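These notes concern the structure reproduced below.
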Protein chains: 2
Amino acid sequence: MTGGELVSAAKDRFGAFWSVTRSQVYRELPGLASAGYVRPGKLGPRAAQPYAITAAGKRAFRSWLAEPAGSDHARNPLILRLGFGAHHASGQLQQLVEEARVQHQAALASHRTRAAELRKNNADPYLVATAEFGVAYARALLRWLESVPTG
Amino acid sequence: MTGGELVSAAKDRFGAFWSVTRSQVYRELPGLASAGYVRPGKLGPRAAQPYAITAAGKRAFRSWLAEPAGSDHARNPLILRLGFGAHHASGQLQQLVEEARVQHQAALASHRTRAAELRKNNADPYLVATAEFGVAYARALLRWLESVPTG
DNA sequence: AAGGCCATGTAACAAGTTACATGATTAA
DNA sequence: TTAATCATGTAACTTGTTACATGGCCTT
């Protein structure tokens, strides 16, 4: 695959849970190639450089999969602002909460339809589970938002 | 406050939701000073450099608080691995899930006690809300984990 | 075939992390 | 008083983001 193809594949699989930019991917590919994990192929149109994974690459991938996952790392700008609590002007917080509500309601809908799609196509059940995580998170967040004091 | 004091204050307020390293803080402080947002004071023991916020700094902080929060940015290594679904060896995934369960059960407990503490001390209700978010998230995640196929 | 558009890749920058050096404080 | 410990700050590196240049493609 080329860098661009990798980016869109990644976005499709877990874009909502783990973002990746093209620059990151393009930066890594030459390094992976010189480490022997991928092998460059013939240039395509627009000077697109495809790579193929090697046996060593597959081994490295599998051993990465087996590593302990480590703790997750939330970066929620709304929570950050809420942490400053009483410094807010009166109407402000209400607006922040409202924006978050809209945002996560959209996310809820999109994860729901994605989960349904995947189930309909008998997709890999683990992949379905990631979409279900999206649903669960959005639902929890929306419910929690109801309880946030907006006075 | 000195860099170290700022770091520990930040860790205390929202360490679970927005991590900050000392290096980041120490790097920013001179910049903030030359921008006029903080003013350096007399050096303390261990060459500790305290800073005081200026009026301009307070204004900048408040206008940052009022900015729209933007979308949140989850980085959950378990979800990432789940996204690769069927590539897992059989027992592996079960182990990942188990580790996550332990981790988030601990998080649930710590957010619960923190929320209770804060309520007991009549702390800022917004701050309480952040702890409640921690509880809600951990609960949702644990429930979701039950449904993840581990076969 | 000319112009706008989109995909590919690069480069400069910002944010985050890890590892280190140094100077007080504490405890044996 | 010496050794261990801990807090302060720095430096090098990695990861993530934004902005840019270029070249096929597609429409008219």
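Throughout, protein chains are lettered first and strands after them, A, B, ... in sequence-line order, and every chain is numbered starting at 1. Values in this document were obtained by computation on a predicted structure and should not be read as measured data.
- Aromatic ring centroids of A:His87 and B:Phe61 lie under 6.0 Å apart.
- Between the C1' atom of C:dT8 and the CG atom of A:Leu29 lies a distance of 12 Å, rounded to the nearest Å.
- If you take CH2 of B:Trp18 and C1' of C:dG16, they are 12 Å apart, rounded to a whole angstrom.
- Checked against D:dT17, D:dG9, C:dG9, the side chain of A:Ala48 finds its nearest nucleotide in C:dG9.
- Residue B:His73 places its side chain closer to D:dG16 than to any other of D:dG16, C:dA15, D:dG9.
- Both B:Glu5 and A:Ser19 sit near DNA chain D, but only B:Glu5 has its closest nucleotide nearer the 5' end.
- Both B:Ala47 and A:Tyr26 sit near DNA chain C, but only A:Tyr26 has its closest nucleotide nearer the 5' end.
- The separation between B:Lys11 atom NZ and D:dT8 atom P is 13 Å, rounded to whole Å.
- Counting heavy atoms of neighbouring residues, nucleotides and ligands inside a 6.0 Å radius, atom CZ of A:Arg143 does not exceed 12 of them.
- Of all nucleotides listed (C:dT18, C:dA15, C:dG9), C:dT18 comes nearest to the side chain of B:Thr21.
- OP1 or OP2 of D:dG16 sits under 4.0 Å from a side-chain N or O of B:Arg75.
- The pair B:Arg101-B:Glu98 meets the salt-bridge criterion, since a charged nitrogen lies less than 4.0 angstrom from a carboxylate oxygen.
- A donor and an acceptor atom, one from each side chain of A:Ser19 and B:Arg75, are located under 3.5 Å apart.
- Ring centroid separation for the pair A:Phe84 and B:Tyr126 does not come in under the 6.0 Å cut-off.
- Contact check, A:Gln24 against D:dG16: a side-chain N or O comes under 4.0 Å of OP1 or OP2.
- The side chain of B:Pro45 lies closest to C:dT25 when the candidates are C:dT25, C:dG16, D:dG9.
- For the pair B:Arg22 and B:Arg27, nearest-nucleotide mapping onto DNA chain C gives the more 5' position to B:Arg27.
- Candidate nucleotides D:dG9, D:dG23, D:dT17 were compared by shortest atom distance to the side chain of A:Ser23, and D:dT17 ranks first.
- Remark: P of C:dT8 and CZ of A:Arg46 are 7 Å apart, rounded to the nearest angstrom.
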